[in-house]
Amino acid sequence: MVEVGYAGDEISGFYDILGVAAIVINLASSILGTYQTIQSRYGGVLAILETITVLFFTIDYILRVWTADMLYPDAKKPILKYIFSFTGLIDLLCFLPWYLPFFFPDGAVAFRMFRVVRIFRLFRINAYYDSLNVITGIIAGKRQQLFSSVFIILVLMVGASLCMYSLEHDAQPEIFKNAFSGIWWAASTLLTVGYGDIYPITPLGKLFGIFIAFLGVGIVAIPTGIISAGFVEQYSKIKRLSEIAQEIDINFIRLRLEKQDAWTGQNIMSLKLPHGMIVAVIRRGDTIIIPRGDVILQAGDILILGAEPLKDDQHIDLQEITLREQHPWNGKAIRDLDISRHTFIITVRRNRKALIPKGDLILHKDDTVILYSQTRMTDAQTLSI
């Protein structure tokens, strides 16, 4: 119930609406309370609203602690994982400063400052709307590129500060006192158009300032371009998924039974298929057989297996390598290959037949090796699953 509900889950949906309303009302009462006229006239109402919403935050925190094992099913100590997570700390600070003055009256002013943290609870609204989730998804997906662009900006800021100190120190010793005194100037020039409080007065300093101002336009465009490209990519993916959503209600694969397979000679009832998987069709020669539970499977049967698709758009990138004559893997056993321990060979295709990648399997020319690796392999094609 306390997590984001899905369409049709009325209880969870109502709780989601209640949570968003509590966040908005709490922040609105805090902001309106800063106006003297509103505080003098409606101070009592605002205090009641704050008390009600804080009590809701308290109950919400208790429920989230109680259900932490459902949120983190694989964690050894799910309650501690939630309490010390970013969202858990924000949830705690949303209501804890309101109670502390009752126990420590002398620190009421300091505790009131911690209430500012409740503004971070607005990020919980992000979970209720797909459009806001797109933004966080883009930032998370492009975090490496964004970190790189921020690093470039910091390097240029430090370099610009050092250069401006060298050019302006003698002319303005009080303003450019040391190598890092120009950091503020570099930040305002690179990221904005400057504020006029610190500026160069020497001809070389002005020329350098013009160069930095032009450079700043391109620097700001780097993270902007990364996020813009992420928006285009994300919305294209959403559109593509929405267009084919009606066509992927179930996925099918085809499997040919061989004599040595474990399913050969068994009836369908005894296969013990995973939950959500079915035997849709059996083809035996030119005959289509209805897959009743008492049907005995035979060697040469072609099974059509069906399963529901995953309810997300995550995929696994595999790599496919076709061994040419000069490839170093030719003639080697799999166990002797010089590959990372984080690389896994999934299967080997030879003459349209899939081979189990045992350690003593010798690779031959024209074999197709399908593997998973965290590093990019040379001469490999990417397969998305």
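FYI, side chains are in, hydrogens and waters are out, and symmetry mates aren't considered; it's all heavy atoms of this structure.
- For the pair I268 and R292, the tightest heavy-atom approach, listed with the atom from each and the gap, is CD1-O, 3.4 Å.
- A continuous path of ILVMFWY side-chain contacts below 4.5 Å connects Y15 to I11, so both sit in one hydrophobic cluster.
- In this structure, L32 CG and L27 CG are separated by 10.5 Å, a value rounded to the nearest 0.5 Å.
- In this structure, W329 and H327 have perpendicular ring planes: the angle between them is above 60°, well past the 30° mark.
- Here CE of M164 is found 9.0 Å from CD of Q172. Values are rounded to the nearest 0.5 Å.
- Nearest heavy-atom pair across R349 and I370 is NH1-CD1, 3.4 Å.
- Taking CG of L71 as the start and CD1 of I79 as the end, the distance is 12.0 Å to the nearest 0.5 Å.
- E168 and T202 form a side-chain donor-acceptor contact under 3.5 Å, judged by distance and modelled atom types alone.
- In this structure, Q319 and T343 have side chains that are not in contact, with every pair of non-hydrogen atoms separated by 4.5 Å or more.
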- Do L318 and I346 pass the side-chain contact (heavy atoms from CB on, under 4.5 Å) test, and can you show the C-alpha distance, the side-chain angles, and the key distance before you say yes or no? CA-CA 9 Å; L318 302 181; I346 297 175; 3.5 Å; yes
- Please test F176 against L167 for side-chain contact (heavy atoms from CB on, under 4.5 Å), starting from the C-alpha separation and ending with a verdict. CA-CA 9 Å; F176 293 92; L167 297 172; over 6 Å; no
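- Side-chain contact between E233 and K142 is present, with heavy atoms from C-beta onward closer than 4.5 Å.
- Closest non-hydrogen pair, L363 versus R350, comes out as CA-NH2, 3.9 Å.
- In the hydrophobic clustering of ILVMFWY residues, with side-chain heavy atoms under 4.5 Å counting as a link, I345 and I321 come out together.
- With a 6.0 Å radius and a threshold of 12 heavy atoms from other residues, nucleotides or ligands, F147 has its CZ atom at or below the threshold.
- V2 and W66 end up in the same hydrophobic cluster when Ile, Leu, Val, Met, Phe, Trp and Tyr side chains are linked at under 4.5 Å.
- Defined by atom type and a distance below 3.5 Å, a donor-acceptor pair is present between the side-chain atoms of N267 and S270.
- The aromatic rings of Y82 and Y61 sit tilted relative to each other, their planes meeting at an angle between 30° and 60°.
- Here CG of L255 is found 10.0 Å from CG of D301. Values are rounded to the nearest 0.5 Å.
- Note: I222 CD1 to L146 CG = 11.0 Å, rounded to the nearest 0.5 Å.
- With N26 as reference, F57 is the one residue of F95, F56, F57 to meet the side chain to side chain contact (heavy atoms under 4.5 Å, CB included) rule.
- Put simply, the side chain of P200 does not reach to within 4.5 Å of the side chain of F208, judged on heavy atoms.
- Contact check for V279 versus L305: side-chain heavy atoms found under the 4.5 Å cut-off.
- Linking Ile, Leu, Val, Met, Phe, Trp and Tyr whenever their side-chain heavy atoms come within less than 4.5 Å puts I59 and M1 in one cluster.
- Across all non-hydrogen atoms, the minimal contact from I38 to L46 is CG2-CD1, 4.2 Å.
- Proximity of D91 to R64: side-chain heavy atoms (C-beta onward) are separated by under 4.5 Å at one or more points.
- Inter-residue side-chain proximity for D360 and R335 is flagged as met; some heavy-atom pair is nearer than 4.5 Å.
- Nearest approach of I83 to L89, heavy atoms of both residues: O-CD2, 3.5 Å.
- S85 places a side-chain N or O within 3.5 Å of a backbone atom of G88 that can act as its donor or acceptor partner.
- With rounding to the nearest 0.5 angstrom, the CG atom of L371 is 9.5 Å from the CD atom of E320.
- Side chain of S161 to main chain of M157: no donor-acceptor pair is present (N/O by atom type, distance under 3.5 Å, no hydrogens or angles).
- More than 12 heavy atoms of other residues, nucleotides or ligands lie within 6.0 Å of CZ in R284, so this atom counts as buried by the packing criterion.
- Under the 4.5 Å side-chain heavy-atom criterion for grouping Ile, Leu, Val, Met, Phe, Trp and Tyr, F211 is connected to I152 within one hydrophobic cluster.
- Residue N351 places its CG atom among 12 or fewer non-hydrogen atoms of other residues, nucleotides or ligands, all under 6.0 Å distant.
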Report task. Start with the C-alpha distance between K365 and L323, add both sets of side-chain angles, then the distance that settles side-chain contact (heavy atoms from CB on, under 4.5 Å), and finish with yes or no. Result -> CA-CA 5 Å; K365 178 178 175 293; L323 303 185; 5.8 Å; no
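- Residue Y42 places its OH atom among 12 or fewer non-hydrogen atoms of other residues, nucleotides or ligands, all under 6.0 Å distant.
- With respect to K353 and E258, no salt bridge is recorded, no charged nitrogen being found less than 4.0 Å from a carboxylate O.
- Minimum heavy-atom separation, E325 to N330: O-ND2, 3.1 Å.
- Here the options are I282, I304, L303, the test is side chain to side chain contact (heavy atoms under 4.5 Å, CB included), and the partner is P291; only I282 passes.
- No donor-acceptor pair closer than 3.5 Å links the side chain of T264 to the backbone N or O of Q260.
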Verdict with supporting geometry, I278 and L273, side-chain contact (heavy atoms from CB on, under 4.5 Å): CA-CA 7 Å; I278 61 172; L273 294 174; 5.6 Å; no
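- In terms of modelled atom types and a separation under 3.5 Å, the side chain of T368 and the main chain of T322 share no donor-acceptor contact.
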